[in-house]
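Only one structure is covered here, and it is reproduced in the block below.
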Amino acid sequence: MSARTVRHWLMKNEPDEFGYHHLEQRGRGGWDGVRNYQARNFLREMAIGDLVLFYHSSTQPPGVAGIATVVGTAEPDPTQFDPASPYHDPASDPAAPRWDWVTIAPVRRLRYVTLAELKELPELASSRLLARGNRLSVFPLTAEEFDAVARRADAG
DNA sequence: GCCAACGTTGGC
DNA sequence: GCCAACGTTGGC
């Protein structure tokens with residue numbers, strides 16, 4: 001038995017670009033476009049079986065749409081080498097790629113939990129999710145934070 | 001559309 | 001190494 005316990009994460013995306021419904025349609029998907037070193041380093045810490053809250057940002061209202069799980073660990077994000085991609089990074093050396101992605105798959109859709117609801121959860125009061133000025137698109141949650149959101153969704 | 005917050009870039 | 005300028009994020 002592995003001693004490693006499942007870790008919990010939150011990942012943000014704009015639903016118009018890649019929302020939870022897209023993940024459901026495709027079955028699995030590479031999480032491309034992360035171009036922030038701190039977020040990338042979190043991607044590199046992810047292990048298969050880790051659980052992810054899939055958050056919709058820059059939409060009205062923002063909120064958590066579902067649960068996903070990591071099915072593929074970090075590997076080079078191909079969009080960094082694609083000149084046609086908005087995520088193209090000409091400074092990234094193919095011999096030492098700068099940016100990674102992970103592959104995730106849906107676990108279950110949640111009743112949509114809006115940001116306004118998240119702000120009311122005492123378990124999230126000190127979470128990075130609600131921290132002022134937090135713009136990171138990938139970051140860890142505690143199991144307590146993750147469970148509080150799932151319970152809120154299930155409570156209707 | 002506005003704006004606060006933050007990361008990155010580049011001149012020095 | 002500093003820091004001003006600039007670009008991006010993301011809620012409102």
Side-chain angles (χ1 to χ4, degrees), chain A residues 7-26 29-46 50-70 73-104 106-107 109-142 144-156:
Chain A
R7 294 187 69 186
H8 300 80
W9 307 90
L10 184 139
M11 299 173 82
K12 291 181 194 170
N13 218 347
E14 301 185 17
D16 290 347
E17 306 249 335
F18 189 76
Y20 194 77
H21 51 290
H22 294 116
L23 185 64
E24 288 176 324
Q25 286 163 12
R26 295 177 200 181
W31 194 273
D32 64 10
V34 169
R35 296 294 180 270
N36 169 286
Y37 288 104
Q38 200 177 349
R40 181 205 66 184
N41 291 342
F42 284 140
L43 291 178
R44 290 179 173 176
E45 292 180 22
M46 291 183 182
D50 280 3
L51 293 170
V52 176
L53 286 183
F54 195 121
Y55 181 90
H56 287 179
S57 64
S58 296
T59 189
Q60 198 47 247
V64 172
I67 297 174
T69 188
V70 176
T73 53
E75 56 189 352
D77 175 354
T79 63
Q80 69 194 303
F81 303 122
D82 178 2
S85 169
Y87 305 124
H88 180 228
D89 181 359
S92 184
D93 175 3
R98 183 177 289 182
W99 307 113
D100 284 357
W101 74 6
V102 297
T103 303
I104 62 172
V107 173
R109 175 177 286 272
L110 296 176
R111 180 189 68 79
Y112 194 74
V113 183
T114 66
L115 179 58
E117 285 182 85
L118 296 173
K119 288 177 176 175
E120 290 174 357
L121 295 177
E123 295 90 341
L124 293 186
S126 61
S127 167
R128 190 168 210 143
L129 173 59
L130 301 181
R132 192 159 157 272
N134 174 33
R135 299 186 313 161
L136 266 188
S137 61
V138 178
F139 54 87
L141 296 173
T142 66
E144 291 72 24
E145 291 165 346
F146 185 98
D147 290 343
V149 177
R151 272 200 310 274
R152 185 72 189 86
D154 292 337

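Sequence lines set the chain letters: A, B, ... in the order given, protein chains first and strands last, and positions in each chain run from 1. Heavy-atom basis, side chains included; hydrogens, waters and symmetry copies ignored.
A salt bridge is defined here as a Lys NZ or Arg NE, NH1 or NH2 lying under 4.0 Å from an Asp or Glu carboxylate O, and A/Asp100 with A/Arg44 meets this definition. The pair A/Asp77-A/Arg40 does not meet the salt-bridge criterion, since no charged nitrogen lies less than 4.0 angstrom from a carboxylate oxygen. Ion pairing between a basic and an acidic side chain is recognised when a charged N comes within 4.0 Å of a carboxylate O; A/Arg111 and A/Asp154 show no such pairing. In this structure, A/Arg128 does not pair ionically with A/Glu145, as no charged nitrogen and carboxylate oxygen lie closer than 4.0 Å.
In this structure, CH2 of A/Trp99 is placed 10 Å from C1' of B/dG7, rounded to the nearest angstrom. Protein atom CD of A/Glu17 is 11 Å distant from nucleotide atom P of C/dG10, rounded to whole Å. In this structure, CE of A/Met11 is placed 17 Å from C1' of C/dT9, rounded to the nearest angstrom. One can place CZ of A/Arg35 at 11 Å from P of C/dT9, the figure rounded to the nearest angstrom. Counting to the nearest Å, the P atom of C/dT8 and the CG atom of A/Leu136 are 17 Å from each other. Taking atom CG of A/Asn134 as the reference point, atom C1' of C/dT9 lies 10 Å away to the nearest angstrom. Atom NE2 in A/His56 sits roughly 17 Å away from atom P in C/dT9 (whole-Å rounding). What separates CG of A/Asp89 from C1' of B/dT9 is a distance of 13 Å, to the nearest Å.
When distances are taken from the side chain of A/Arg135 to each of B/dT8, B/dC6, C/dC12, the shortest belongs to B/dC6. Closest to the A/Ser57 side chain, of the nucleotides C/dG10, C/dC12, B/dT8, is C/dG10. Listed candidates were C/dG11, B/dG7, C/dG10. Nearest to the side chain of A/Gln38 is B/dG7. Comparing C/dC12, C/dG10, B/dG7 against the side chain of A/Asn36 picks out B/dG7 as the nearest.
Residues A/Trp99 and A/Phe81 keep their aromatic ring centres 6.0 Å or farther apart.
Contact check, A/Tyr55 against C/dG11: a side-chain N or O comes under 4.0 Å of OP1 or OP2. At the phosphate of C/dG11, neither OP1 nor OP2 sits under 4.0 Å from any side-chain N or O atom of A/Lys12.
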